[in-house]
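Letters go in sequence order (proteins before strands), and every chain restarts at 1. Computation of the quantities below employed the complete heavy-atom set of this structure, encompassing side-chain atoms and omitting hydrogens, waters and symmetry-equivalent molecules.
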2 protein chains.
Amino acid sequence: MARLPEYLRALHNLAETGHETVSSEGLANAAGVNSAKLRKDLSQLGSYGTRGVGYDVGLLIDQIEYVLGLTQRRAVVLVGVGNLGHALAGYDGFASRGFRIAALLDADQELVGEEINGLVVQHIDDLPQVAAEESIAIGVIATPAAAAQRVADQLVAVGVTSILNFAPCVLSVPEGVDVRKVDLAIELQILSFHEHRKASLTALPAAGGSALTALPGGLAVTESQEAIGT
Amino acid sequence: MARLPEYLRALHNLAETGHETVSSEGLANAAGVNSAKLRKDLSQLGSYGTRGVGYDVGLLIDQIEYVLGLTQRRAVVLVGVGNLGHALAGYDGFASRGFRIAALLDADQELVGEEINGLVVQHIDDLPQVAAEESIAIGVIATPAAAAQRVADQLVAVGVTSILNFAPCVLSVPEGVDVRKVDLAIELQILSFHEHRKASLTALPAAGGSALTALPGGLAVTESQEAIGT
DNA sequence: AGGCGCTTGTGAAGACGTGCACAAATCGCG
DNA sequence: CGCGATTTGTGCACGTCTTCACAAGCGCCT
Ligand SMILES: NC(=O)c1ccc[n+]([C@@H]2O[C@H](COP(=O)([O-])OP(=O)(O)OC[C@H]3O[C@@H](n4cnc5c(N)ncnc54)[C@H](O)[C@@H]3O)[C@@H](O)[C@H]2O)c1
Ligand SMILES: NC(=O)c1ccc[n+]([C@@H]2O[C@H](COP(=O)([O-])OP(=O)(O)OC[C@H]3O[C@@H](n4cnc5c(N)ncnc54)[C@H](O)[C@@H]3O)[C@@H](O)[C@H]2O)c1
């Protein structure tokens with residue numbers, strides 16, 4: 001389930017603040033989900049909560065980390081050390097959440113050799129050597145969209161089976177390779193859509209305006225955590 | 001629908017390459033979705049495709065941009081001009097996709113006054129003045145998680161009703177305020193989960209291993225665009 | 001030892017999203 | 001003018017996700 005990482009983060013917070021057990025309601029609150037949903041998710045893991053008490057925080061962390069495959073620190077290669085790539089390379093969230101940047105790659109010879117956060121940028125053509133030295137599980141693409149497909153092909157060619165793509169384009173990959181996309185513009189446009197919807201609703205509370213303004217109510221947008229109480 | 005921005009991007013690509021009309025199948029391919037799903041989405045907009053021909057690219061772009069509320073160029077404030085904030089401030093994807101950065105804000109006095117991409121960083125306490133000058137629709141939070149809730153409160157206080165949050169934490173906001181979250185670590189962990197699952201499957205093709213390894217098959221992860229053919 | 005309050009785990013119902021398959025509609029061509 | 005090729009729009013069925021509600025279980029307090 002895609003919610004497991006969110007639970008994990010909430011659990012780590014709880015562990016740091018000294019909690020040894022959590023109720024499903026407490027954890028659900030911290031993760032911003034329904035408590036029944038959380039219990040159902042956790043029961044899928046075969047997890048052991050104790051009725052009347054709750055879940056053991058430490059045990060649950062271990063369980064979720066195991067299921068997510070975080071018991072081994074996975075190696076990540078970052079391709080494209082530009083504007084965004086720099087920020088990602090300097091991000092400590094990689095290391096603290098179970099990942100390790102194995103290499104920084106770029107096609108720009110000007111960048112090759114530059115050191116960022118203790119890592120030296122290598123040329124993209126060195127990817128095969130990098131992959132030969134250690135098993136790369138995940139590739140992160142932070143190149144312009146025009147180069148993304150080519151980079152993806154190169155990653156797949158050296159055995160990468162999971163790709164996180166920041167370029168605004170769809171990638172074609174063979175079966176068995178997972179791709180997840182993060183697109184800032186899409187997020188903003190979804191928010192803009194909600195803005196537009198809210199504006200229309202407040203402007204015309206009762207009757208509908210133009211044919212287009214009066215959308216057949218309630219277009220759903222998944223993954224939005226709208227209005228989590230105060 | 002959350003897929004509209006994806007269609008829009010694909011349509012812009014098509015328009016640039018000279019296409020005047022698209023079939024649902026062609027557009028669906030470019031956007032990485034099922035053609036029936038696309039047609040159903042588009043029919044929700046009350047859109048006019050012509051049977052036997054397809055959709056008019058220009059008209060469809062206008063329609064989707066209208067529905068997404070992109071006819072007006074919305075003002076965005078970016079709070080937290082650190083590692084990630086710098087990258088976002090220098091990103092041209094804002095302007096090219098219908099948004100305009102109205103202000104860069106940070107709490108660090110060292111950063112205040114710095115110019116990035118033609119914009120001068122202001123202090124977070126100047127937020128009320130910024131909001132007074134023009135209507136801010138969207139706030140982007142790129143501060144550490146510890147500060148995110150406070151920043152969100154400040155944004156809400158000046159009338160921001162949509163927030164894009166890059167900090168790894170859940171935000172509490174009043175009803176009517178939309179929050180979307182982008183968390184790099186969560187994306188990586190979902191990929192890691194798939195890696196783990198794939199590894200288990202290939203290692204034990206037939207019988208299940210430990211109780212935990214043999215998950216009750218097929219945990220679903222939404223939004224993943226797995227295996228889009230070659 | 002027994003009862004009471006609290007919490008988990010889950011059955012069932014409903015909402016929702018997805019994809020197939022096909023009828024209706026439009027265009028181009030003979 | 002009519003026919004066939006093509007493509008949209010959608011009814012329908014299916015699977016999934018979500019949520020409520022409640023019985024079963026556990027620990028604590030008396
Ligand atoms: N900057 C942001 O805040 C931001 C936000 C969201 C999405 N994005 C997307 O992320 C991508 C990168 O953005 P950016 O601002 O860092 O762009 P950028 O131009 O600053 O950096 C791109 C880097 O990729 C390298 N590159 C180009 N082709 C390559 C190849 N074939 N192999 C390896 N490296 C190659 C370039 O040398 C450059 O260093 C873009 O697709 C952009 O749309 C950026
Ligand atoms: N760097 C990345 O690649 C990356 C990727 C994903 C998520 N994130 C998340 O984005 C956030 C920012 O990351 P970063 O690497 O840029 O961190 P950073 O420490 O480099 O930058 C944080 C900035 O926020 C400012 N700030 C702190 N408190 C503030 C407040 N109350 N009001 C206004 N500004 C304030 C700081 O002065 C600093 O400039 C973090 O939550 C991080 O987890 C970062």
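- At whole-Å resolution of the value, OH in B:Tyr48 and P in C:dT26 are 11 Å apart.
- Annotation: A:Glu65, atom CD; neighbour count of heavy atoms from other residues, nucleotides and ligands within 6.0 Å is above 12.
- Two residues are said to be in side-chain contact when any heavy atoms from C-beta on lie closer than 4.5 Å; B:Ser192 and A:Leu70 meet this criterion.
- The shortest distance between side-chain heavy atoms of A:Leu68 and B:His196 does not fall below 4.5 Å.
- Every side chain to side chain contact (heavy atoms under 4.5 Å, CB included) that B:Arg100 has, sequence neighbours left out, goes to B:Arg73, B:Ala75, B:Ala102, B:Glu134.
- Atoms CG (B:Leu38) and P (C:dC20) sit 14 Å apart, rounded to a whole Å.
- Look at CG on A:Asp41: it is 15 Å from P on D:dT16, rounded to the nearest Å.
- Scanning for side-chain hydrogen bond (donor to acceptor under 3.5 Å, both in side chains) contacts around A:Asp41 gives A:Arg3, A:Tyr7, with sequence neighbours left out.
- Panel note: side chain B:Ser23, backbone B:Gly26; a donor-acceptor pair is recorded below 3.5 Å.
- Per the geometry, CG belonging to A:Asp56 stands 16 Å off P belonging to C:dT7, to the nearest Å.
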Atom pairs and distances, donor-acceptor, side-chain atoms in residues 146-159 of chain B, under 3.5 Å, two or more places apart:
from	atom 1	to	atom 2	distance (Å)
B:Gln149	OE1	B:Ser172	N	2.9
B:Gln149	NE2	B:Asp153	OD1	2.9
B:Gln149	NE2	B:Ser172	O	3.0

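- The separation between B:Gln44 atom CD and D:dT8 atom P is 17 Å, rounded to whole Å.
- Contacts between residues 21-28 of chain B and DNA chain D, defined by a heavy-atom separation below 4.0 Å, involve B:Val22, B:Ser23, B:Ser24, listed by number.
- A:His19 has its NE2 atom 13 Å from the P atom of C:dT7, to the nearest Å.
- In terms of the side chain to side chain contact (heavy atoms under 4.5 Å, CB included) criterion, residue partners of A:Ile101 (sequence neighbours excluded) are, by chain and number, A:Phe94, A:Leu104, A:Leu119.
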Going 5' to 3' through nucleotides 20-30 of chain D, assign each nucleotide B (protein heavy atom under 4.0 Å from a base atom), S (under 4.0 Å only from sugar-phosphate atoms) or - (no protein heavy atom that close).
-> BB--BBBS---
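- Rounded to an integer number of Å, the gap from NZ of B:Lys37 to C1' of D:dT16 is 13 Å.
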